[in-house]
Amino acid sequence: MSPSPSPSPSQPPAPTGITRIDHVGIACRDLDASIEFYQRVHGLTVEHEEVNEEQGVREVMLRTNGTDDGNASYLQLLEPTHSDSPVAKFLDKYGEGVHHVAFGTGNVDTAAHAAAGNGIRVLGSEPRPGTAGSRIVFLHPRDCGGVLTELVQAPEDTTGDRNH
Ligand code: CMX
Ligand code: CO
């Protein structure tokens, strides 16, 4: 990622310009049991499933709303694929529960630079592959009030439906 633009002395750094909540990431020990819970209690169904080895997760996306506003919102259920992955460490320390909040943005590079310009640690040197071809970066939870924050740019060929 190229260096952040240096803020002008007279102007505050630009905000990230997030546009929506893309998903809430939930850490679970047993993905199938967690899917069954959300189906039975809330009537949500799996729209997308994948293994992201780089992130160390087996994951599903459950859509919580329609796409009338241009992009849907999801629950992302995360089960670790190995014992030293971020989600496995989180489960060891905190147990099952909300792991991160992901905000949508039209340009993840610009949003990440803006976060860095505001003194937030951006994890990793550049955006990584996220769910279903999205591009993602994470912001350090200690710089975000204890919330691990993900910025997501949807793939260009999508209308917000991850069922493809
Ligand atoms: N939410 C809030 N706080 C968290 C956290 C989380 N999910 N994970 C860790 N922390 C806390 C730690 O408890 C620790 O707190 P203290 O300073 O009070 O001890 C602090 O953040 C920093 O912890 P650390 O020891 O420096 O770092 P960790 O090894 O715990 O890693 C983090 C934390 C955020 C850097 C790492 O989990 C990471 O890089 N995450 C990004 C990638 C990721 O989470 N991928 C899985 C999801 C994939 C997806 O959404 O597609
Ligand atoms: Co996520």
Side-chain angles (χ1 to χ4, degrees), residues 1 4 16-35 37-38 42 44-65 67 70-116 118-156 158 160-164:
M1 196 180 294
S4 307
T16 60
I18 58 172
T19 50
R20 63 197 160 82
I21 293 177
D22 185 278
H23 63 266
V24 174
I26 297 173
C28 58
R29 297 188 198 282
D30 182 338
L31 188 62
D32 295 328
S34 193
I35 292 168
F37 171 85
Y38 281 101
H42 297 299
L44 301 181
T45 53
V46 173
E47 285 235 344
H48 178 83
E49 179 168 8
E50 73 179 71
V51 173
N52 185 331
E53 287 295 358
E54 186 174 320
Q55 296 294 333
V57 293
R58 187 162 82 93
E59 60 159 279
V60 297
M61 295 298 245
L62 310 175
R63 197 167 79 179
T64 59
N65 70 299
T67 55
N71 267 301
S73 297
Y74 297 83
L75 291 185
Q76 180 185 42
L77 306 181
L78 303 157
E79 180 191 76
T81 54
H82 55 89
S83 59
D84 62 346
S85 66
V87 173
K89 285 193 199 167
F90 177 90
L91 285 167
D92 287 346
K93 190 165 182 181
Y94 300 106
E96 294 187 307
V98 173
H99 177 258
H100 65 272
V101 176
F103 296 110
T105 171
N107 187 319
V108 71
D109 300 280
T110 305
H113 283 145
N118 279 279
I120 310 294
R121 277 170 287 173
V122 179
L123 300 167
S125 56
E126 59 185 29
R128 315 300 303 172
T131 306
S134 60
R135 295 174 70 234
I136 61 174
V137 298
F138 288 91
L139 309 181
H140 200 287
R142 285 285 154 262
D143 298 341
C144 299
V147 179
L148 176 58
T149 301
E150 178 181 347
L151 303 172
V152 187
Q153 181 179 335
E156 298 212 343
T158 183
D161 186 348
R162 307 264 161 100
N163 192 19
H164 64 123

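Numbering of residues begins at 1 and proceeds along the displayed sequence. Every number for a ligand or one of its atoms is a count from 1 in the order of the listing.
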State if Leu123 counts as touching ligand 1 under the rule of any non-hydrogen atom under 4.0 Å. yes
Heavy-atom side-chain contact between His140 and Ile120 under 4.5 Å: no
Under 4.0 Å and counting heavy atoms only, is there anything from the protein next to atom 21 (O) of ligand 1? yes
Can you tell me if, anywhere in Glu150, an N/O/S atom lies at a distance from the Co ion (ligand 2) that is smaller than 2.8 Å? yes
Of all the heavy atoms in Gly25, does at least one lie under 4.0 Å from an atom in ligand 1? no
Starting from atom 4 (C) of ligand 1, what is the nearest protein heavy atom, named by residue and atom, and what distance separates them? Pro141 CG, 3.6 Å
Nearest 0.5 Å please: distance from the CG atom of Leu77 over to the CE atom of Met61. 9.5 Å
When rounded to the nearest 0.5 angstrom, what distance separates OG1 in Thr19 from CG in Asn107? 11.0 Å
Which of the numbered atoms in ligand 1 are under 4.0 angstrom from any heavy atom belonging to His100? 47 (C), 50 (O)
Under a 3.5 Å threshold, yes or no: a donor from one side chain and an acceptor from the other, between His100 and Gln76? yes
Compare all side-chain heavy atoms of Tyr38 with those of Ile26 and state whether any distance is below 4.5 angstrom. yes
For the atoms OE1 of Gln76 and NE2 of His100, give the angle they form at the Co ion (ligand 2), rounded to 10 degrees. 90°
State, yes or no, whether a side-chain contact exists between Ser85 and Val57 at a heavy-atom distance under 4.5 Å. no
Using a distance threshold of 4.0 Å (strictly less than), state whether atom 33 (C) of ligand 1 has a protein heavy-atom neighbour. no
About how many Å separate CG of Leu151 and CZ of Arg135, when rounded to the nearest 0.5 Å? 11.5 Å
Do Thr81 and Val51 touch side chain to side chain, with heavy atoms closer than 4.5 Å? yes
Closest to atom 19 (O) of ligand 1 by heavy-atom distance, out of Glu54, Arg142, Lys89, Lys93, is Lys93
pair Gln153-Thr110: side-chain heavy atoms closer than 4.5 Å: no
For ligand 1, which atoms, with element, lie under 4.0 Å from some heavy atom of Gln76? 49 (C), 50 (O), 51 (O)
Subset of ligand 1 atoms that lie under 4.0 Å from at least one heavy atom of Phe90: 6 (C), 7 (N)
Could you give me the CA-CA distance, side-chain angles and deciding distance for Val87 and Glu79, then say whether side chain to side chain contact (heavy atoms under 4.5 Å, CB included) is met? CA-CA 7 Å; Val87 173; Glu79 180 191 76; over 6 Å; no
Is the Co ion (ligand 2) under 2.8 Å from any N, O or S atom of His99? no
Heavy-atom check, side chain of Thr45 versus side chain of Leu62, under 4.5 Å: no
Minimum-distance atom from the Co ion (ligand 2) among N, O or S atoms of His23: NE2
Verify the neighbour count for atom CD1 of Ile21: are there more than 12 heavy atoms of other residues, nucleotides or ligands below 6.0 Å? no
Checking a contact table here: which protein heavy atom is nearest atom 7 (N) of ligand 1, and how many Å away? His99 O, 2.9 Å
Is there a protein heavy atom at a distance of less than 4.0 Å from atom 13 (O) of ligand 1? yes
Would you mind running through ligand 1 and noting each atom that sits below 4.0 Å from a heavy atom of His140? 22 (C)
Do Gln55 and Ile136 have side chains that get closer than 4.5 Å, going by heavy atoms? yes
In the protein, what heavy atom is nearest to atom 45 (N) of ligand 1, and what distance, to one decimal place, separates them? Gln55 OE1, 2.7 Å
How far is atom 36 (C) of ligand 1 from the closest protein heavy atom, and which atom is that? Pro86 CB, 4.2 Å
Exercise check, heavy-atom protein proximity under 4.0 Å to atom 50 (O) of ligand 1: yes
Among protein heavy atoms, which lies nearest atom 2 (C) of ligand 1, and at what distance? Gly146 O, 3.1 Å
Using protein heavy atoms only, decide if any is under 4.0 Å from atom 27 (O) of ligand 1. no
